[in-house]
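Below is one structure; the comments refer to it alone.
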Amino acid sequence: QEISREGRFRYHDWTVKVDPDAVFFPSRLRPDLEKIAPPSSPVNLYVINCKISFGLFGALEVFSRAALEAYIAGEARCMRELDWSVMGEDLWMRRCFDLLGVKHAADYHLLGDGYCSDAQQQCGNGKVAFHPFKDALSYDKCYRDALATTTSTTTSMATTMTTITTWLGGQFLRSGLPPWTMPVASSASTEVPMALQAPPAFAAPRAPPAPQADVPVTDSEPPARAAWGSALPWKAPAA
């Protein structure tokens, strides 16, 4: 309901839900989504990320704009026709999407998850996100292992205009470049950081600054925040 009320997802092609104990690299997600659907195409999809069980594991959930619109419009029907009381959030989303006729695509490169028969310690395999890491030391080790793999592998990605909005633990995230557009320039080893921000009031887009090196998400003020300065695409609400 909050996502529908706030409405920010309607300005983006995809919405991503990330668990707080997942190590997430947004810049790795964009080329995956480009393979699933052309940028800015009105696809009605959610993405399967695990080969076992019900397939949609909640550490990293990826929904298109049309899929979320279908869910918002049909949630009441799902509540009537599905036994939601015995489902976790991720199973509920899959069952409701299926009931409402939302299609799905499989991308098993998205998530390395200990609950999905993946070795939790293997953070160097180039996947988009890794889970679960319940303490700061294991989270930081995974993050650094993933970066070490990135810096030893040369990748080239074509520029796209796919846009993504994400939320983590009920809060929205800015993933890399400003949320009105997220171009991916050809790069040898750069991962794009993400920084916490409050849900903004929309303002006219401004020219984005250059991408910055990865920084992990912490409870303290993200280092990347200061670098954005006046380029933030939102204004604080009036008192």
Side-chain angles (χ1 to χ4, degrees), residues 1-24 26 29 32-33 36-37 42-120 127-136 138-139 142 164-173 175 194 196-199 217 219:
Q1 292 176 349
E2 179 64 19
I3 292 170
S4 176
R5 182 199 64 77
E6 197 272 346
R8 180 177 174 181
F9 78 93
R10 295 184 174 94
Y11 291 80
H12 304 272
D13 299 321
W14 298 90
T15 295
V16 183
K17 174 258 182 183
V18 187
D19 279 0
D21 59 344
V23 179
F24 173 47
L29 178 59
D32 277 32
L33 295 180
I36 292 173
V43 293
N44 189 14
L45 283 175
Y46 68 95
V47 182
I48 296 296
N49 57 24
C50 181
K51 293 181 180 180
I52 67 172
S53 189
F54 54 88
L56 176 60
F57 277 43
L60 182 71
E61 300 175 8
V62 182
F63 311 138
S64 73
R65 179 173 59 247
L68 269 185
E69 291 283 19
Y71 175 79
I72 291 168
E75 181 185 17
R77 178 188 172 192
C78 292
M79 294 288 288
R80 290 193 307 269
E81 299 184 25
L82 298 173
D83 187 2
W84 55 269
S85 65
V86 298
M87 300 182 192
E89 168 268 333
D90 41 12
L91 177 58
W92 161 259
M93 292 302 295
R94 170 147 202 193
R95 295 287 183 261
C96 187
F97 277 142
D98 290 346
L99 179 65
L100 299 175
V102 177
K103 305 299 182 182
H104 67 263
D107 184 352
Y108 302 122
H109 176 255
L110 286 185
L111 180 63
D113 197 321
Y115 299 130
C116 184
S117 299
D118 288 337
Q120 182 180 348
K127 290 190 175 182
V128 173
F130 307 93
H131 178 264
F133 297 93
K134 303 296 186 181
D135 61 83
S138 63
Y139 185 102
C142 177
I164 308 169
T165 183
T166 68
W167 77 92
L168 170 64
Q171 298 188 58
F172 282 99
L173 300 175
S175 301
M194 58 184 178
L196 289 169
Q197 71 175 50
V217 174
D219 293 332

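- Remark: side-chain polar atoms of Lys17 are paired, donor with acceptor, to backbone N or O of Gly58 under 3.5 angstrom.
- Residues Tyr115 and Ile52 have side chains not in contact (no heavy-atom distance under 4.5 Å, counting atoms from C-beta outward).
- No side-chain heavy atom of Trp14 sits under 4.5 Å from any side-chain heavy atom of Leu29.
- A 4.5 Å side-chain heavy-atom check between Lys103 and Asn44 finds every atom pair outside the cut-off.
- Leu100 and Ala70 get closest at one heavy-atom pair: CD1-O, 3.4 Å.
- Below 30°, between 30° and 60°, or above 60°: for Tyr46 and Phe97 the angle between ring planes is below 30°, a parallel geometry.
- Glu69 CD to Ser64 OG: the interatomic distance, rounded to the nearest 0.5 Å, is 9.5 Å.
- Here the two rings, on Phe9 and Phe63, have centers that are 6.0 Å apart or farther.
- Looking only at side-chain heavy atoms (C-beta outward), Arg94 and His104 come within less than 4.5 Å of each other.
- Atoms CG and CG, on Leu111 and Asn49 in that order, are 5.0 Å from each other to the nearest 0.5 Å.
- Residues Ile3 and Tyr71 have side chains not in contact (no heavy-atom distance under 4.5 Å, counting atoms from C-beta outward).
- Looking at every heavy atom in both residues, Cys142 comes nearest to Val23 through SG-CG2, 3.9 Å.
- Residues Gly55 and Ile48 approach most closely at O-CG2, 3.1 Å, considering heavy atoms.
- Note that CE of Met87 is 5.0 Å distant from CG of Leu82, once rounded to the nearest 0.5 Å.
- A donor-acceptor contact shorter than 3.5 Å is absent between the side chain of Asp19 and the backbone of Ala22.
- For the residue pair Leu60 and Ala129, the shortest heavy atom distance occurs at CD2-CB, 3.9 Å.
- The CZ atom of Arg8 lies 12.5 Å from the CD atom of Glu2; values are rounded to the nearest 0.5 Å.
- Here NE2 of His12 is found 12.0 Å from CG of Leu68. Values are rounded to the nearest 0.5 Å.
- One distance of note links CG of Leu45 with CD1 of Ile36; it measures 7.5 Å at 0.5 Å rounding.
- Ser138 and Phe133 make their closest contact through O-CD2, 3.5 Å (heavy atoms, listed as atom of the first residue, atom of the second, distance).
- Contact annotation: the side chain of Cys78 approaches that of Trp92 to within less than 4.5 Å [non-hydrogen atoms, C-beta and beyond].
- Taking all atoms of both residues into account, the shortest heavy-atom contact from Arg65 to Arg10 is CD-O, 3.4 Å.
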